[in-house]
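Just so you know, these numbers use all the heavy atoms, side chains as well, and skip hydrogens, waters and symmetry mates. Keep in mind that this is a model prediction, so the values were computed, not measured.
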Amino acid sequence: MRSPRLLRTEVLAGLVVALALIPEAISFSIITGVDPRVGLFTSFTMAVAISFLGGRTAMISAATGAVALVIAPVMRDHGYDYLIATVLLGGLIQIALSLAGVARLMRFLPRSVMVGFVNALAILVLDAQFVHMIDVPWPVYPMIAVGIAVIVGFPRINKVVPAPLVAVVALTAFTVVSGVDVPNVGDQGTLPDSLPSWFLPDVPLTLDTLRIIAPHALGMALVGLLESLMTAKLVDDITDTRSDKTREARAQGLANLITGLFGGMGGCAVVGQTMINVKVSGARTRLSTFLAGVFLLVLVVGFGHIVALIPMAALVAVMIMVSVSAFDWHSIRPATLRRMPRSETTVMLTTVVVTVATHNLAIGVIAGVLVAMTLFARRVAHLTATHRELVDGPDGRTTAVYRVTGELFFASSNDLYTQFEYAVDPDEIVIDLSASHIWDASTVAALDAITHKYETKNKSVRIVGLNRSSADRHERLTGRLGGH
């Protein structure tokens, strides 16, 4: 730590994040079907483990809704021991995927998917607050308004102390002094009064057990990695720094192993609390992540009776402002939408709509990527063209020369077969590919089909102009793909 000011920033950021983790950890425990203390201990072990092992500084990992939704059926149908076995296997799968280089796939995420991811996250964070604003005593609403006003206005007076912390302390003090009856953290579930302990699941080591837990463990691993790597990329953009995605993927697996061995429900990066840490509080080091976990444990175990008094209105105000600050407002400005290609806007909206509809960031991102790939393939396929020319040779024989331009792959080469005049062409045909490139087996199969069609009419075909890569691929595959 380079200065007392930076140390203060990291410490206060960790405290704010710890407060914000409490209600969500309890909520995710309820989703999974376990005791609230399981979610709280999970957030503690995940945060502390990632602070040492992670590849992205200042990012927060804890119990999350995405992972909770994936593993909840195991708890419901088979019980707690099978749940922990699932978490442990999920951690091992994440480590294996990290060693296989899964983090490098992040380069294939388009910017429009990232924008959709951020906007969907903001909407989901806001949506999660409505449950605390419906059928509640009327004082909740002015308290939320006051909390938002403090968060917006306090930085103009003092930028040293995080405004969210001021709002939480002020509103808690108000409820204690005034005695106003509003929902608080204590109403969300019982807080633990002891430290987490070592736990080994009592499940038979059989294929039947693997059959039960493996699908959920794989789902947990994929969802957790995708959400964590997307969050790491988001923090990279906010802080203008780079992170080690492979190390982060491996760390997520190790953190889930550690969490499982302490009876935790597993987790991944939490985007909302990461935004509080990085964007709202200004944290930049591993210390804030470590202290978020430590403060969480200290608060719920040592000061649980005080933490229970925090009004939910204060935490709702904090999360509303997180939602507002996280949303990319520039992406929906009319001027931006007019300039942006429709395909980019479609990908962004698909990511948002699917994510909000499923309440799963991973599914939304996958949908966005699939739409982006489809639109890209369609756009590139339309850039391929075939020009036919009849050329008279010195011997008086006429040759049909087809000059193909553009990239040849499954989306464009399937139409290539229809671009030739099989019936009217002369006996010799030349296909000039000097202005194109063969990318896959579909193109070789299409060229084989064209050649075979001409051969059935006793006409010969020569393919010329292949670059080295295309020639190697064509020579290796032609005549070996079967069928025409």
Original post:
Is the closest side-chain donor-acceptor distance between Ser243 and Lys245 under 3.5 Å?
Top reply: yes
Original post:
Is the backbone of Leu287 close enough, under 3.5 Å, to the side chain of Thr285 for a donor and an acceptor to pair up by distance?
Top reply: yes
Subject >> Whether Thr346 side chain and Arg342 backbone form a donor-acceptor pair below 3.5 Å >> reply: yes
Original post:
Ser29 and Pro36: which non-hydrogen atoms are nearest, and at how many Å?
Top reply: OG-O, 3.4 Å
Original post:
What residues, two or more places apart in sequence or in another chain, satisfy side chain to side chain contact (heavy atoms under 4.5 Å, CB included) together with Thr274?
Top reply: Met59, Ile60, Thr231, Val235, Val278
Original post:
Mind checking whether Phe262 and Phe199 have ring centres under 6.0 Å apart?
Top reply: no
**OP:** Say whether, by atom type as modelled, one donor and one acceptor occur between the side chain of Arg473 and the main chain of Ala441 under 3.5 angstrom.
**Re:** no
Original post:
Hey, is the main chain of Ala13 close enough, under 3.5 Å, to the side chain of Ser288 for a donor-acceptor pair?
Top reply: no
Subject >> Polar side-chain atom of Gln252 near backbone of Leu225 as donor-acceptor pair, under 3.5 Å >> reply: no
Subject >> Of all pairs that satisfy side chain to side chain donor-acceptor pair (under 3.5 Å), the ones with a partner from residues 31-58, not counting sequence neighbours >> reply: Asp35-Arg37, Thr45-Thr259, Arg56-Asp236, Arg56-Thr241
**OP:** Return yes if a side-chain donor-acceptor contact under 3.5 Å exists between Ser470 and Asn467, otherwise no.
**Re:** yes
Original post:
How about Pro201 and Leu88: do any of their side-chain heavy atoms sit closer than 4.5 Å?
Top reply: yes
Original post:
Val182 and Pro311: which non-hydrogen atoms are nearest, and at how many Å?
Top reply: CG2-CB, 4.1 Å
Original post:
What do you reckon, is CZ of Arg378 surrounded by more than 12 foreign heavy atoms closer than 6.0 Å?
Top reply: no
Subject >> ring pair (Phe, Tyr, Trp, His ring centres under 6.0 Å) contacts touching residues 39-68 (sequence neighbours left out) >> reply: Phe52-Phe290
**OP:** Taking all heavy atoms of Thr246 and all of Ala103, pick out the closest pair and write down the distance.
**Re:** N-CB, 3.6 Å
Subject >> Beyond-backbone contact of Val271 with Glu227, side-chain heavy atoms, under 4.5 angstrom >> reply: yes
**OP:** For the pair Asn277 (side chain) and Gln273 (backbone), establish whether a donor and an acceptor sit closer than 3.5 Å, ignoring hydrogens and angles.
**Re:** no
**OP:** Can you measure from CD (Glu407) to CD1 (Ile438) and round to the nearest 0.5 angstrom?
**Re:** 11.0 Å
**OP:** Mind checking the CG-CG spacing from Leu89 to Leu218? Nearest 0.5 Å is all I need.
**Re:** 8.5 Å
Mind listing the side-chain donor-acceptor pairs of residues 69-86 below 3.5 Å, one per line with the distance, residues two or more places apart or on another chain?
unit_1, atom_1, unit_2, atom_2, d
Tyr80, OH, Gly263, O, 2.5
Asp81, OD1, Asp202, N, 2.8
Thr86, OG1, Tyr82, O, 2.8

**OP:** Please examine the side chains of Val168 and Ile310, heavy atoms only from C-beta on, and report whether any two atoms are closer than 4.5 Å.
**Re:** yes
**OP:** Please test Leu97 against Leu222 for side chain to side chain contact (heavy atoms under 4.5 Å, CB included), starting from the C-alpha separation and ending with a verdict.
**Re:** CA-CA 9 Å; Leu97 289 174; Leu222 294 176; 3.8 Å; yes
**OP:** Could you name each residue pair satisfying side chain to side chain donor-acceptor pair (under 3.5 Å) that touches residues 123-134, not counting sequence neighbours?
**Re:** Asp127-His359
Subject >> Closest heavy-atom pair and its distance - Asp415, Ala411 >> reply: OD2-O, 4.2 Å
Original post:
What closest approach, in Å, do Val16 and Pro164 show between heavy atoms, and which atom pair accounts for it?
Top reply: CG1-CB, 3.9 Å
**OP:** State the CG-CG distance between Leu21 and Leu40, to the nearest 0.5 angstrom.
**Re:** 9.0 Å
Original post:
Can you tell me how far CE of Met46 sits from CD1 of Ile258, rounded to the nearest 0.5 angstrom?
Top reply: 9.0 Å
Original post:
What's the shortest heavy-atom distance between Gly224 and Val67, and which atoms?
Top reply: CA-CG2, 4.5 Å
Original post:
Taking C-beta and beyond as the side chain, do Arg333 and His330 meet within less than 4.5 Å on heavy atoms?
Top reply: yes
**OP:** Output, in order, the C-alpha distance, side-chain angles, deciding distance and verdict of side chain to side chain contact (heavy atoms under 4.5 Å, CB included) for Ile276 and Ser281.
**Re:** CA-CA 6 Å; Ile276 292 175; Ser281 301; 4.1 Å; yes
Original post:
Name the one of Leu477, Leu408, Thr478, Ile463 that satisfies side-chain contact (heavy atoms from CB on, under 4.5 Å) with Leu447?
Top reply: Ile463
Original post:
Arg284 and Glu10: side chain to side chain contact (heavy atoms under 4.5 Å, CB included), yes or no, with the steps?
Top reply: CA-CA 7 Å; Arg284 292 293 183 269; Glu10 299 295 316; 4.3 Å; yes
**OP:** Measure the OG1-CG distance between Thr350 and Leu375 for me, rounded to the nearest 0.5 Å.
**Re:** 8.0 Å
Original post:
For the side chain of Thr209 and the backbone of Pro204, is there at least one donor-acceptor N/O pair under 3.5 Å apart?
Top reply: yes
Original post:
Within a strict 4.5 Å, meaning less than it, do heavy atoms of the Tyr141 and Val136 side chains meet?
Top reply: yes
Original post:
Is the count of non-hydrogen atoms from other residues, nucleotides or ligands lying under 6.0 Å from Met133 atom CE greater than 12?
Top reply: yes
Original post:
Can you check side chain to side chain contact (heavy atoms under 4.5 Å, CB included) on Thr443 and Asp440, steps first, answer last?
Top reply: CA-CA 6 Å; Thr443 302; Asp440 60 9; 3.0 Å; yes
Original post:
Are Leu165 and Leu19 side-chain neighbours, meaning at least one heavy-atom pair lies under 4.5 Å?
Top reply: yes
Side-chain atoms of residues 110-124: list all donor-acceptor pairs with protein atoms under 3.5 Å, sequence neighbours left out, distances to 0.1 Å.
unit_1, atom_1, unit_2, atom_2, d
Asn119, OD1, Asp328, N, 2.8
Asn119, ND2, Ser331, OG, 3.0

**OP:** Could you tell me whether Arg468 atom CZ has more than 12 heavy atoms of other residues or ligands within 6.0 Å of it?
**Re:** no
Subject >> Whether over 12 other heavy atoms sit under 6.0 Å from Gln419 CD >> reply: yes
Original post:
Rounded to the nearest 0.5 Å, what separation is found between the CD1 atom of Ile363 and the OG1 atom of Thr351?
Top reply: 12.5 Å
**OP:** Can you establish whether the number of heavy atoms outside Phe376 located under 6.0 Å from its atom CZ is more than 12?
**Re:** no
Original post:
Hey, does Ile332 have a side-chain heavy atom less than 4.5 Å from the side chain of Phe327?
Top reply: yes
Subject >> Side chain to side chain, Leu15 and Leu299, heavy atoms closer than 4.5 Å >> reply: yes
